[in-house]
**Q** 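Please see the structure below; I have some questions.
Note that ligands are numbered from 1 as they come in the structure, with each ligand's atoms numbered from 1 the same way.
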Amino acid sequence: MSAEAKIISLAQTDAAQIASGSTPESATSAEKSGMDQIKVKGGNRLNGTIEISGAKNAALPLMCACLLTDEPLNLSNAPTTLRDIRTLSAVLESLDVTVSANPELKLISLKSEKTSTCYAPYDLVRKMRASVLVLGPLLARFGVAKVSLPGGCAIGTRPVDLHLKALEQMGATIKLEGGYIFAEAKDGLKGAVVEFAKVSVGATENILMAATLAKGTTVLKNAAKEPEIIDLGECLISMGAKIEGLGTSEITITGVEKLPGTTHAVVADRIETGTWMIAVALTGGDVRLKGANIDHLTALVGPLEAAGLKISQDDQDILVSRNGTPLKGTDIMTEPYPGFPTDLQAQFMTMLTLCMGAGMVTETIFENRFMHVPELGRMGADITTQGNSAIIRGVSGLRGAEVMATDLRASVSLILAGLVASGETTINRIYHLDRGYENIVDKLCACGADIERIPVSLQE
Ligand code: EPZ
């Protein structure tokens with residue numbers, strides 16, 4: 001049976017199974033633990049040190065890069081315990097990649113020596129849309145790929161049209177059928193000039209990886225400039241790829257025949273770093289953020305200093321403190337890097353709920369990223385939304401409540417609110433949190449927060 005025939009038959013089985021609703025959803029222990037609760041009692045200042053983990057949004061594309069070579073790719077400083085990392089590991093294993101993670105060493109080793117199928121199934125891809133990042137590498141190395149369309153998520157429809165259009169420009173034929181992307185490049189991918197209609201992190205990453213093995217030169221215009229893209233590019237260069245212009249809106253890649261493996265350290269997570277900076281702005285205190293790079297957060301530093309937080313870089317760490325100075329409201333608008341990160345919008349909004357005066361938040365990246373607003377409202381926040389803007393009027397205090405996590409960053413914004421609310425806040429559905437924050441309870445407890453995780457079996 002040809003590779004494509006096998007892929008189609010797998011897809012038909014998969015689609016039939018889903019249609020009949022017979023997809024076994026036996027909850028694994030990881031899924032059960034996702035129903036745990038987090039309880040936090042507000043009022044404690046944060047003092048101490050938090051070690052910043054490797055960036056989830058760098059580790060995910062880096063893991064997909066293993067498909068570009070038959071040699072081992074070793075990722076150090078990797079956030080091995082995150083749900084998203086485990087989900088992508090399962091997707092890669094379904095593509096015959098050998099994946100081993102060592103949490104103590106924060107190491108993930110991957111080897112894509114051979115693959116009998118280039119098929120990423122719906123049931124795995126639906127859990128984590130970044131799985132679509134296997135598409136470019138599979139096409140570049142094997143010339144064929146069957147990848148489920150990732151579908152939308154809570155924060156928006158999140159199409160992948162920019163990924164597909166660019167791959168077609170590089171000579172791939174793309175068919176969409178039964179919720180799957182059927183992609184082929186029998187004679188391999190060819191270099192092309194790709195101008196993205198809008199800045200897209202994922203599309204930049206997918207095409208950057210695909211272009212490393214394409215015949216000829218590829219130029220990406222209107223490329224994303226996130227530090228996670230620079231990290232991916234630096235890993236690819238250490239594998240022998242020829243790339244210029246990382247961190248600018250124009251990246252040039254000259255394809256090579258083959259890429260060897262490498263060992264690469266995952267860049268520190270700037271979104272986790274920004275989350276804890278906002279936490280200290282809210283609670284007051286003095287915290288050292290170990291391994292954090294202030295240069296990756298310039299768009300956050302300004303508004304936080306304007307609000308009253310003291311911030312400085314001390315060698316490899318960031319020091320943040322607020323001791324008694326009142327918080328003042330300020331305005332933010334999310335934009336592609338180096339603008340204010342959309343992944344810190346919810347957290348910043350939580351801070352604005354307790355600032356003197358008002359602040360305005362404008363979300364320009366995703367169409368539905370205000371789901372934390374009603375939950376913050378239940379805790380006493382005064383927020384009015386109008387389309388993709390929100391006006392936040394500072395209140396004297398928040399009240400603890402039972403709240404529901406809805407997406408990764410909205411969930412952590414509720415934790416931040418609980419750290420300063422009077423009384424106890426209970427956050428449900430924390431599987432959202434487990435996707436992107438390692439050891440959040442331990443890290444906050446170590447700095448004096450009164451926070452605990454309640455297993456589902458002990459919940460009343
Ligand atoms: C990445 O998502 C991040 N995820 C997101 O982080 C982050 O919010 C986002 O970039 C923006 O910075 C990972 O890196 C795994 P985009 P991505 O393509 O690549 C539209 C988190 O919380 N678009 O830059 O999916 C899209 O709908 C997550 O860690 C198209 O229209 O984001 C969005 O409106 C959430 N067509 C905008 O572009 C496309 O083909 C930016 O999306 C692709 C994207």
**Q** Indicate yes or no: does K443 engage E438 in a salt bridge with an N to O separation below 4.0 Å.
**A**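 E438 and K443: not salt-bridged.
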
**Q** Nearest 0.5 Å, what's the CZ-CG distance between R270 and D295?
**A**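 Spacing of CZ (R270) from CG (D295) equals 12.5 Å.
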
**Q** Which atom pair, heavy atoms only, marks the closest approach of S53 to E272?
**A**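 S53 and E272 have their closest heavy atoms at N-OE1, 2.8 Å.
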
**Q** What protein heavy atom sits nearest atom 22 (O) of ligand 1, and how far off is it?
**A**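 Going by distance alone, atom 22 (O) of ligand 1 is nearest to R409 NE, 2.9 Å.
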
**Q** Take every heavy atom of P159, measure it against each atom of ligand 1, and state whether any distance is under 4.0 Å.
**A**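 A heavy atom of P159 does come that close to ligand 1.
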
**Q** Tell me whether R453 is salt-bridged to D442, with the criterion being a basic N under 4.0 Å from an acidic carboxylate O.
**A**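 A salt bridge is absent here (no side-chain N lies under 4.0 Å from a carboxylate O).
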
**Q** Which protein heavy atom lies closest to atom 11 (C) of ligand 1, and at what distance to 0.1 Å?
**A**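 Protein heavy atom at minimum distance: T342 CG2, 3.9 Å.
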
**Q** So among L220, T217, I243, which one has a side-chain contact (heavy atoms from CB on, under 4.5 Å) with T252?
**A**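 That would be T217.
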
**Q** Please state which part of D343 comes within less than 4.0 Å of ligand 1, counting heavy atoms only: side chain, backbone, both or neither.
**A**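 Answer for D343: side chain.
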
**Q** If you measure from each non-hydrogen atom of D161 to ligand 1, which part falls under 4.0 Å: side chain, backbone, both or neither?
**A**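 It is both backbone and side chain that touch ligand 1.
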
**Q** Under 4.0 Å, counting heavy atoms only: does R129 come that close to any atom of ligand 1?
**A**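 A heavy atom of R129 does come that close to ligand 1.
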
**Q** What class does the angle between the rings of Y180 and F182 fall in, given that below 30° is parallel, 30 to 60° is tilted and above 60° is perpendicular?
**A**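 Taking F182 first and then Y180, their aromatic rings sit tilted (interplane angle of 30° to 60°).
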
**Q** Please say whether G202 places an N or O atom under 3.5 Å from an N or O atom belonging to ligand 1.
**A**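 Yes, there is a polar N/O contact under 3.5 Å.
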
**Q** Answer with side chain, backbone, both or neither: which part of K198 has a heavy atom less than 4.0 angstrom from an atom of ligand 1?
**A**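 Only the side chain of K198 comes within reach of ligand 1.
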
**Q** How many angstroms lie between CG in D434 and CG in L82, if you round to the nearest 0.5 Å?
**A**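 Interatomic distance, D434 CG to L82 CG, rounded to 0.5 Å: 8.5 Å.
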
**Q** Only heavy atoms count here, so choose which of N206, L162, D407, N57 is nearest to atom 40 (O) of ligand 1.
**A**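 Selected option, by shortest heavy-atom distance: L162.
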
**Q** Taking the non-hydrogen atoms of E363, is any one of them nearer than 4.0 angstrom to ligand 1?
**A**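 No, that is not the case, since the closest heavy atom of the residue is not under 4.0 Å from the ligand.
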
**Q** Could you find the nearest protein heavy atom to atom 17 (P) of ligand 1 and give me its residue, atom name and distance?
**A**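 Looking at atom 17 (P) of ligand 1, the protein heavy atom closest to it is R158 NH2, 3.8 Å.
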
**Q** Is there a polar contact, in the sense of an N or O pair closer than 3.5 Å, between E205 and ligand 1?
**A**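 So ligand 1 has no N or O lying under 3.5 Å from an N or O of E205.
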
**Q** From atom 35 (C) of ligand 1, work out which of R369, K56, E226 has a heavy atom at the shortest distance.
**A**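 The option holding the nearest heavy atom is R369.
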
**Q** Mind checking whether K165 has a heavy atom under 4.0 Å from ligand 1?
**A**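 For ligand 1, residue contact (heavy atoms, under 4.0 Å) with K165 is absent.
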
**Q** Number the atoms of ligand 1 from 1 as they appear, then name those within less than 4.0 Å of a heavy atom of H163, with their elements.
**A**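 Those of ligand 1 that fall under 4.0 Å from H163 are 40 (O).
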
**Q** Just to be sure I read this right, does ligand 1 sit under 4.0 Å from the backbone of I365, its side chain, both, or neither, counting only heavy atoms?
**A**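 The part of I365 near ligand 1 is both the backbone and the side chain.
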
**Q** Under 3.5 Å, is there a donor-acceptor pair between the Q347 and T275 side chains?
**A**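 There is such a pair between these side chains.
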
**Q** Can you pull out the closest protein heavy atom to atom 24 (O) of ligand 1? Residue, atom name and distance to 0.1 Å, please.
**A**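 I find the closest protein heavy atom is V201 N, 2.8 Å.
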
**Q** Please confirm whether A130 comes within less than 3.5 Å of ligand 1 when only nitrogen or oxygen atoms on both sides are compared.
**A**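 There is no such contact.
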
**Q** CD/E375 to OG/S413 distance, rounded to the nearest 0.5 angstrom?
**A**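 Nearest 0.5 Å value for the CD-OG distance: 9.0 Å.
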
**Q** Let's go through M63 and L133 carefully: what are the C-alpha distance in whole Å and the side-chain angles of both, what is the deciding distance for side-chain contact (heavy atoms from CB on, under 4.5 Å) to 0.1 Å, and is it a yes or a no?
**A** CA-CA 9 Å; M63 288 172 71; L133 294 174; over 6 Å; no

**Q** Measure the distance from atom 18 (O) of ligand 1 to every protein heavy atom, then report the residue, atom name and distance (to 0.1 Å) of the closest one.
**A**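 Ranking protein heavy atoms by distance from atom 18 (O) of ligand 1, first comes S200 OG, 2.7 Å.
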
**Q** Can you sort out which atoms of ligand 1 are near V160, meaning under 4.0 Å from one of its heavy atoms?
**A**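 Result: 39 (C), 40 (O).
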
**Q** Could you tell me the separation between the CG atom of L414 and the NE2 atom of H372, rounded to the nearest 0.5 Å?
**A**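 Reported value, rounded in 0.5 Å steps: 8.5 Å.
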
**Q** Which residue owns the protein heavy atom closest to atom 32 (O) of ligand 1, what's the atom, and how far is it?
**A**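 Ranked first by proximity to atom 32 (O) of ligand 1 is F366 CZ, 4.1 Å.
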
**Q** Counting only heavy atoms not in E244, do more than 12 sit closer than 6.0 Å to its CD atom?
**A**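 Result for CD/E244: open.
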
**Q** Is it the case that atom CD in E305 sees more than 12 heavy atoms from other parts of the structure closer than 6.0 Å?
**A**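 Atom CD in E305 is crowded, with more than 12 foreign heavy atoms closer than 6.0 Å.
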
**Q** Do any N/O atoms on L60 end up under 3.5 angstrom from N/O atoms on ligand 1?
**A**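 Min N/O separation from ligand 1 is not below 3.5 Å for L60.
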
